[in-house]
Every structure is written in structure tokens, then in C-alpha cells.
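Here the structure is laid out as C-alpha cells; the discussion comes afterwards.
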Amino acid sequence: MATKKFKCKVCGYVHEGDKAPEKCPLCQAPSTEFEEVTEGGGAPAKKGLDTNSNVYTVLYASVMVVVVAFLLAFVSSSLKPIQDANVENDTKGQILTSLNIDINGIDVSAAFSEKVQDMVWDGSQLVPYEGAFNSTYGGLIKEGILHVFVAQTEEGVKYVIPVTGRGLWGGLWGYIALNEDKQSVYGTYFYHESETAGLGARIGERSFQELFNGKPLFAQPGSQRIDLSVVKSGAAQSELEVNGITGATLTSNGVDAMVKDGLGAYAGFIMGGPSGDNAVACGARSGHCGKGKGQCGEGKGHGKCGQGECGQGKCGQGECGQGECEECPKRGTPACCQNNEVEQN
């Protein structure tokens, strides 16, 4: 077996043997001060992985990335039910806010369940929505799935319609609550993705949203378009106009387009849809009450047949829009359309 050499790090003495001496014969340094000397003159190579090598650095970084990614995925998966519940609760709070309900300090989920029913407009009537609650509606509206939230309030039935649009820097969304006659606004809620703080972001403030309260949707009964507009700040001159936000013209224009296009997507419901469970569509498309009994003049029936109204006149009084209800049972007696028929009063 080859003899090893051990060098004293204190005085440089070199010892030959199987192991270092207990003491250096020159300086009396203990054996711990000796190091083995290789043939090249340096310290022997260390066994195992060199922590100073590039291979060690790459392996260490790779392992850490995998471990951290796994932990993040696990935490995200574990928290997803809570996150989804919070998003759902926030959306319900936005809908309640559009109904002028102060959600501070209340159980939002319980209040929503008590006051609001999620419905879908199928083109002729509202039907209960049976699926999971949605937190976004832009894609659904494009697909023709039109959600309407029917709310029972102290001031009567209200209809909340989700709307989406585009601002200066990103997406806009909101909810517009209509009164039972669907001719005027009861309340609104708007928010944004990334509008400028202090400017466009002010659409999320109640002071701006409340400017819409009580505003009519149409310039005159029977109009085929949404006339409610957001105009330049300070330029509003009629009850159909809402002042935009100073210094945020593009965001204000986005809200204007969102209101018009959003409500326009629900034109069938707003202009001709039923307001009650037993009412039927009246006049907006066919100009008829029921199945032709009590014809509505020239197709201008945009009122509630179920309440004896059709267009600008009264079916029961022989007047309807600009024509006459030729088959009204009795002149002077209101007629009602229910289940696609005019009741014989």
C-alpha cells in the first residue's frame, strides 16, 4: 500500500505514513492541522457532487422550480372552491347594488337568494335558469343566452340586465336594473378592468352610477332603439342624457356604447317581452295582441297586453296604436291577452 503524505499547515512539516501524526514534531500542532498531500502537491479531490460546478447549479435550480410549481398548484387547487365562492358572492353583490341595495354589513348570498331569481329569456318568455351561477356574461350574450335577474323589491318587480363593453384600456361590465314597465332605469352598477384612476375608473363610483336612476330608455313610446345616452361632461340637456366623466371621454363613450348595445341585445325582452308569468309578447314584432284578436293598429303594440295596454292606446277602449281593436268584446271594457288569447270580459 502506498505511503501517504501529510503536511502541517502551521509550519510546513511533511509527514509520511498511513495517517497524520498526533502532533507535529516541529511546532507541536495537533493532527487536525495536517492535510493530505497528493502527488500534484495540492489537497486531495473531494468525494461527491461539487457544489461549485455548473451541473450542481442547474440541477439545484431545476429541482427548486419543480418543487415550488407543485406547491403553488396544490395551494391553488385547494383554494379554488373558496376563490369561486368569493367571485360568485362579488357578482351577486354587484347585482344587488344595481338594485340600489346597500350591501355593506349584510349577508349578500342570503339577500340575493331572497330577493333575486336568475332567469333566461328564450325569445318569447322568461324561464328559470337551472345551471351553475355565472360570474361573467359577455360570452353568453354573444351566444344568445340572455340572463335576466328578476328581483322583488319594496317598489315592485325589477329586471336586472347584464351588459359588457370596452373602455380606454380594457373591458367594462355592469348591470342595469329596469322598472317593471321596462321603460326606465331603476338603478345601475358599472365597473372596469383597468381604467385610469381618478378618471375613467370613476364609473365604479355610486355618484356616477346614480345619474342613471329614473332615466327613460326611449324618446317616445314604441321606439325601436335605445335612446338613453352618455354625453360629454356638462353637455346633458334632456332627461335622456347622462353627463359623462370629465377627462375620461373614451371611457364615457364606452359606457354609452355598453348601455345601448347591452340593452339592445335584449330588445325582444324589453320592447315586447312579458312582465308577468301569464302575459304574452305583445306587438313588438307582429303588432297583434294574442292570435289576432284585437289587432294593434299598424304594429305599434309595445305595451302590456296583460294589463289591458297595447302600444299607445287601450285595447278595451277600441284604440290601439294608430288603429283599432276590431274584435274587442266590449268598447270601454279593458281586454287582456293571456295565454295567447284576448279574454272575453
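Below, each value reflects all heavy atoms present in this structure, side chains not excepted, and no hydrogens, waters or symmetry copies. Along the sequence shown, residues are numbered consecutively beginning with 1.
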Taking [Y] as the starting point, is it possible to reach [X] by hopping between hydrophobic residues whose side chains are less than 4.5 Å apart?
X	Y	result
V185	V231	no
L199	V230	no
V157	M271	yes
L99	I106	yes
I226	L240	no

Atom [atom1] of [X] and atom [atom2] of [Y]: how far apart are they, to the nearest 0.5 Å?
X	Y	atom1	atom2	result
T196	L168	OG1	CG	5.5 Å
I95	I103	CD1	CD1	11.0 Å
N100	T188	CG	OG1	8.0 Å
D227	K260	CG	NZ	7.5 Å
F218	I270	CZ	CD1	6.0 Å
S98	F212	OG	CZ	13.0 Å

Check: If you take all heavy atoms of K92 and S109, which pair is closest and at what distance?
Finding: NZ-OG, 4.1 Å
Checklist line | Considering all heavy atoms, the nearest W173-H192 contact | finding: CH2-O, 3.3 Å
Notebook entry, point to check: Got more than 12 heavy atoms from elsewhere within 6.0 Å of NZ, K9?
Noted result: yes
With heavy-atom distances below 4.5 Å as the criterion, would you say the side chains of [X] and [Y] are in contact?
X	Y	result
I161	W121	no
K115	T153	no
K158	N179	yes
Y129	H147	yes
Y189	Q209	yes
F208	R202	no
L146	I141	yes
C24	F34	yes

Check: Among T251, L172, V259, T97, which residue meets the side chain to side chain contact (heavy atoms under 4.5 Å, CB included) test with F190?
Finding: V259
Item checked: S135 side chain to T91 side chain, donor-acceptor N/O pair below 3.5 angstrom -> no
Check: In terms of the angle between their ring planes, are F74 and F70 parallel, tilted or perpendicular, with boundaries placed at 30° and 60°?
Finding: parallel
Note to self: Is the ring pair F112/F149 parallel, tilted or perpendicular, if the boundaries are 30 and 60 degrees?
What the structure shows: perpendicular
Notebook entry, point to check: Would you say the ring centroid of Y266 lies under 6.0 angstrom from that of Y159?
Noted result: no
